[in-house]
Amino acid sequence: AERLADDAQLFEQTDTTFGTGSGKSRDAQETIITVEAEGKERTFRVTDPIGAIASKPLREFVMLVREEAERLRQKD
């Protein structure tokens, strides 16, 4: 996960909103991700479809975060 975050260049991203969905569709999923590392913090808002994210490493990072969040929800 750390390598994927590095590859996604999270702290170099100029845009913090990704995806093309409006978030108003009942089936749309919006994810808010806050990343903290080395005293820095960055928050991203991602709306389906995540396939619209041009950066493959960023897209993979978002998918990983969503999968981990789902795994943790199921654990409760």
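The first residue in the sequence is number 1, and the count goes up from there.
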Q | Gap between atom OG1 of Thr14 and atom CD of Gln9 - 0.5 Å precision | A | 11.0 Å
Q. Who are the side-chain contact (heavy atoms from CB on, under 4.5 Å) partners of Glu70, not counting sequence neighbours?
A. Arg73, Gln74
Q) Roughly how far apart are Glu68 CD and Met63 CE, rounded to 0.5 Å? A) 14.5 Å
Q: Check whether any side-chain heavy atom of Glu41 sits under 4.5 Å from a side-chain heavy atom of Thr34, and report yes or no.
A: yes
Q) Just wondering, more than 12 heavy atoms not from Glu2 lying within 6.0 Å of its CD? A) no
Q: For Thr31 and Arg66, run side chain to side chain donor-acceptor pair (under 3.5 Å): C-alpha distance rounded to whole Å, both residues' side-chain angles, the deciding distance at 0.1 Å, then the answer.
A: CA-CA 8 Å; Thr31 306; Arg66 284 184 173 181; 2.6 Å; yes
Q: To the nearest 0.5 Å, tell me how far Arg42 CZ sits from Gln13 CD.
A: 7.5 Å
Q.
If I take atom CD1 from residue Ile53 and atom CZ from residue Phe44, how far apart are they, to the nearest 0.5 angstrom?
A. 10.0 Å
Q: Would you mind telling me which of Val35, Ile32, Ile33 makes a side chain to side chain contact (heavy atoms under 4.5 Å, CB included) with Thr43?
A: Ile32
Q) With sequence neighbours excluded, what pairs up with Lys40 under the side-chain contact (heavy atoms from CB on, under 4.5 Å) test? A) Phe11
Q: For Ala8, check side-chain contact (heavy atoms from CB on, under 4.5 Å) against everything at least two apart and list the hits.
A: Leu10, Pro57, Leu58, Phe61
